[in-house]
Amino acid sequence: MLDSRLVASEPDRIRANLVARRADDATIASVDRIVALAAERNALVQERDDRRSARNTISAEIGALMKQGNRDQAESKKAEVGANNARIAVIETTLGDVESELRDLCLRLPNLLDDSVPVGGGEDDNVVVKTWGTAPTFDFKPKSHVDLGEALGILDLGRAAKLAGARFSVLIGKGARLERALINFFVDTHTEEHGYTEILAPYIVWGSVAEGTGQLPKFAADMFKLAEPLNGQEAYLIPTAEVPVTNLYREEILDESDLPKRFAAFSPCFRSEAGSAGRDTRGILRVHQFHKVEMVWFSTPEASADAHEQLTRHAEQCLEKLGLPYRRMLLCSADIGFGATKCHDLEVWLPSQERYREVSSCSNYGDFQARRMDLRYRPTEAGKGKTRFPHTLNGSGLAVGRTLLAILENYQQADGSIVVPEVLRPYMGVDVIR
RNA sequence: GGAGGGGUGGCAGAGCGGUUGAAUGCGCCGGAUUCGAAAUCCGGUUUGCCCGCGAGGGUAACGGGGGUUCGAAUCCCCCCCCCUCCGCCA
């Protein structure tokens, strides 16, 4: 969320950011509305507080008069306060409306972009930052993960459809084992080699929590919402562990000495895939339920750019250990996510498609999420001034299903068997899936 | 689900209708003392919002929401969470 005071003081900067992001006209127009509402809010707050001040003074006087037994004067003072209170009530009602509209508008504004983000009009303007590995060459026509998996009997999409329809999968035998192997390999790598603390968090969260990370209010359609309230509030299946983990310390004040905090969390992820009908319909590339290991950082603003690079490297190292060719993309202004100030996508090579596909998205959110969830930290430095908003970052390390898919395709052999990458063998118990 | 107990500042713990944002203790930060340290003493030590260049001023918050009152941490109502016991269950 952007601070309404920032919007009010630098509306031009906010508008320029929206234009770079290719925001719609209504959003751009909302900037003027925010400026006006912020001014109205301040005036109302001022009058309310002045009147409260008067009320407090008079009430104290009434107390004194009562002690003296001066009933008449006390009564007349009471009438005075009563009139004042009536006015306060009116102001509070108006103020409530103004503040809720203001907050709603601000919640729908995307984050400011980092200076290093290239301005672009869409996916094609993303920048290739680096490429690692070389695409495998085959002396036969490489098959898709669907053909490979079904022939091996480790993947069954038809039966998955009997259970829940399209965009689900059933993994069988070594397929299921490979999924678990990847989960453990990722979590172990992050905890043992990259220094993360493992987290296992709820897979269902309240709407307010999803608002904290930015899924709500704007992207409600992308999540699965529970039909019944959960512990009294509306709730959603998490679309990523980013949501519960980033919200762990919401409404708390951390100490700077606790930063950076770094967590790695495995979770299933549930996505409605609204609006992607017809896209990637074959296979397990785009499904309603998948597994992911997510890395989450809480950092000081000063350290977040460096943190972003480290986080991205941690995801890249997973791909490198697995020997999967990939490239790192720097997303442009039109393609970057709503709350991100800067984002790297990692894309893995898929032989059957002869193109790179996303397996990780590593983003720096700046103070955007911290502000929404009222997460702060207390600076250590003497002078211990105001609390500040930390920066939050997150990245996939990695999306499990897509990695599994990439392994099947990149490690396939002419006979349809799959060589198990070296690092997974301890988890798999076999060298080849056949 | 049933019965009972409890939620106050970083922690512990008073307050139970009037200048109490909140006693006291601990912790923490300054300072004094000391060769240094411990002990001791003095001072400070929540967060948000509004006005102000600043100094500073105002306002709000004692789990959350609503109510009573001139005035509520203190009274009333609803909800949430935690603890203990019973039931149920993975």
Side-chain angles (χ1 to χ4, degrees), chain A residues 1-9 34-103 106-107 200-209 211-212 226 228-235 244 247-259 261 268 367 370-390:
Chain A
M1 172 167 66
L2 298 182
D3 186 349
S4 65
R5 286 171 297 192
L6 173 67
V7 179
S9 64
I34 289 170
V35 173
L37 286 169
E40 188 180 354
R41 193 247 335 255
N42 290 357
L44 288 167
V45 164
Q46 190 65 54
E47 186 185 349
R48 181 199 62 186
D49 286 357
D50 286 347
R51 288 182 179 275
R52 279 178 172 171
S53 179
R55 180 195 64 193
N56 291 343
T57 304
I58 300 172
S59 284
E61 290 169 10
I62 292 172
L65 289 170
M66 299 287 265
K67 271 198 187 115
Q68 296 166 20
N70 193 337
R71 298 297 275 266
D72 291 351
Q73 262 198 8
E75 287 305 320
S76 101
K77 293 271 188 189
K78 283 187 189 183
E80 196 179 332
V81 174
N84 204 37
N85 281 350
R87 175 59 188 159
I88 289 175
V90 171
I91 293 170
E92 283 179 336
T93 303
T94 311
L95 183 59
D97 293 345
V98 168
E99 286 188 322
S100 82
E101 185 183 350
L102 193 56
R103 178 172 168 80
C106 286
L107 283 174
L200 210 54
Y203 304 147
I204 310 174
V205 296
W206 283 329
S208 54
V209 171
E211 184 179 285
L226 265 58
E228 299 297 328
L230 173 72
N231 287 323
Q233 289 181 234
E234 63 175 39
N247 276 280
L248 268 182
Y249 300 101
R250 75 196 323 271
E251 291 155 51
E252 292 188 38
I253 301 176
L254 302 174
D255 201 276
E256 181 173 346
S257 60
D258 296 334
L259 302 178
K261 279 184 176 293
D367 63 10
R371 209 181 274 288
R372 292 168 87 97
M373 60 181 73
D374 195 22
L375 164 67
R376 289 162 291 165
Y377 76 94
R378 192 183 310 285
T380 302
E381 281 310 305
K384 55 175 182 183
K386 309 272 290 179
T387 56
R388 304 174 72 197
F389 291 109

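Every value quoted in this text rests on a predicted model; they were computed, and no experiment measured them.
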**Student:** If only atom types and distance count, is the side chain of A:Ser76 paired as donor or acceptor with the main-chain N or O of A:Asp72 below 3.5 Å?
**Tutor:**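 No.
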**Student:** When you compare the protein's N or O atoms with those of nucleotides 55-62 of chain B, which come within less than 3.5 Å of each other, and at what distance?
**Tutor:**
residue: B:G58; atom: O3'; partner: A:Ser53; partner atom: OG; Å: 3.0
residue: B:G58; atom: N2; partner: A:Asp49; partner atom: OD2; Å: 3.0
residue: B:U59; atom: OP1; partner: A:Ser53; partner atom: OG; Å: 3.3
residue: B:U59; atom: OP1; partner: A:Asn56; partner atom: ND2; Å: 3.4
residue: B:U59; atom: O2'; partner: A:Asp49; partner atom: OD1; Å: 3.1
residue: B:U59; atom: O2'; partner: A:Arg52; partner atom: NH1; Å: 3.0
residue: B:A60; atom: OP1; partner: A:Arg55; partner atom: NH2; Å: 3.1
residue: B:A60; atom: OP2; partner: A:Asn56; partner atom: ND2; Å: 3.4

**Student:** Measuring from the side chain of A:Asn231 (C-beta onward, heavy atoms only), which nucleotide among B:C81, B:C50, B:U47 has the closest atom?
**Tutor:**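 Of B:C81, B:C50, B:U47, B:C81 is nearest to the side chain of A:Asn231.
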**Student:** Quote, to the nearest angstrom, the P distance that separates B:U24 from B:A14.
**Tutor:**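 These two P atoms come out 15 Å apart once rounded.
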**Student:** Nearest-Å distance, CD (A:Glu252) to P (B:G10)?
**Tutor:**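 Roughly 11 Å, once rounded to whole Å.
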**Student:** Between B:A22 and B:U47, how far is it from one C1' atom to the other, in whole Å?
**Tutor:**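 So the two C1' atoms sit 15 Å from each other.
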**Student:** Indicate the atoms forming the closest heavy-atom contact of A:Thr94 with A:Glu40, along with that distance.
**Tutor:**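 In terms of heavy atoms, the two residues are closest at CG2-OE2, 4.3 Å.
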**Student:** Which one, B:U47, B:G18, B:C51, comes nearest to the side chain of A:Ile62?
**Tutor:**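 From the listed options, B:G18 comes nearest.
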**Student:** Work out how far the C1' atom of B:G27 is from that of B:G9, and round it to whole angstrom.
**Tutor:**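 These two C1' atoms come out 13 Å apart once rounded.
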**Student:** Determine the Euclidean distance between corresponding P atoms of B:C83 and B:G66; express it in Å to zero decimal places.
**Tutor:**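 It works out to 28 Å between them.
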**Student:** Looking across every strand, which nucleic acid part, if any, lies under 4.0 Å from A:Arg51 by heavy atom: base, sugar-phosphate, or nothing?
**Tutor:**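 Counting heavy atoms under 4.0 Å across all strands, no contact is made by A:Arg51.
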**Student:** Quick one: closest heavy-atom pair of A:Pro244 and A:Val205, and the distance?
**Tutor:**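 For A:Pro244 and A:Val205, the tightest heavy-atom pair comes out as CB-CG1, 4.2 Å.
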**Student:** Can a side chain N or O of A:Ser59 be found less than 4.0 Å away from OP1 or OP2 on B:G18?
**Tutor:**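 A:Ser59 to B:G18 OP1/OP2: no side-chain N or O under 4.0 Å.
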**Student:** When the P atoms of B:C26 and B:G63 are compared, how many Å lie between them, rounded to an integer?
**Tutor:**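 The answer is 25 Å between these two P atoms.
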**Student:** Searching all strands shown, indicate the nucleotide that pairs with B:A61 (Watson-Crick or G-U wobble; both distances under 3.5 Å).
**Tutor:**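 By the stated definition (distances under 3.5 Å), B:U46 pairs with B:A61.
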**Student:** Once you round it to whole Å, what is the distance between C1' of B:G71 and CG of A:Leu65?
**Tutor:**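 Those two atoms, CG and C1', are 13 Å apart.
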**Student:** Going through the distances and angles, do A:Arg51 and A:Glu47 end up as a salt bridge (charged side-chain N to carboxylate O under 4.0 Å, His left out)?
**Tutor:** CA-CA 6 Å; A:Arg51 288 182 179 275; A:Glu47 186 185 349; 2.9 Å; yes
**Student:** What's the gap between B:U20 and B:G13 when it is taken at their C1' atoms, as a whole Å value?
**Tutor:**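 Each nucleotide's C1' atom is 16 Å from the other's.
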**Student:** Among A:Lys261, A:Arg388, A:Glu256, whose side chain to side chain donor-acceptor pair (under 3.5 Å) with A:Tyr377 holds?
**Tutor:**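 Single side chain to side chain donor-acceptor pair (under 3.5 Å) partner of A:Tyr377 among A:Lys261, A:Arg388, A:Glu256: A:Arg388.
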**Student:** Can you tell me if the side-chain N/O atoms of A:Arg378 get under 4.0 Å from OP1 or OP2 in B:U46?
**Tutor:**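 No, no such contact exists.
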**Student:** Please give the distance between the P atoms of B:U46 and B:C85 as a whole number of Å.
**Tutor:**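 To the nearest whole Å, 39 Å.
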**Student:** Report the residue (A:Gly82 or A:Ala64) whose heavy-atom-nearest nucleotide on RNA chain B is the more 5′ of the two.
**Tutor:**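 Here A:Ala64 is the residue nearer the 5' end.
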**Student:** Starting from the 5' end of RNA chain B, give me the residue, A:Ala60 or A:Asp374, whose nearest nucleotide shows up first.
**Tutor:**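 Mapping each residue to its closest nucleotide by heavy atoms, the 5'-most match is A:Ala60.
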**Student:** What heavy-atom pair brings A:Val35 and A:Ala8 nearest, and what distance separates the two atoms?
**Tutor:**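 Of all heavy-atom pairs spanning A:Val35 and A:Ala8, the closest is CG2-CA, 4.0 Å.
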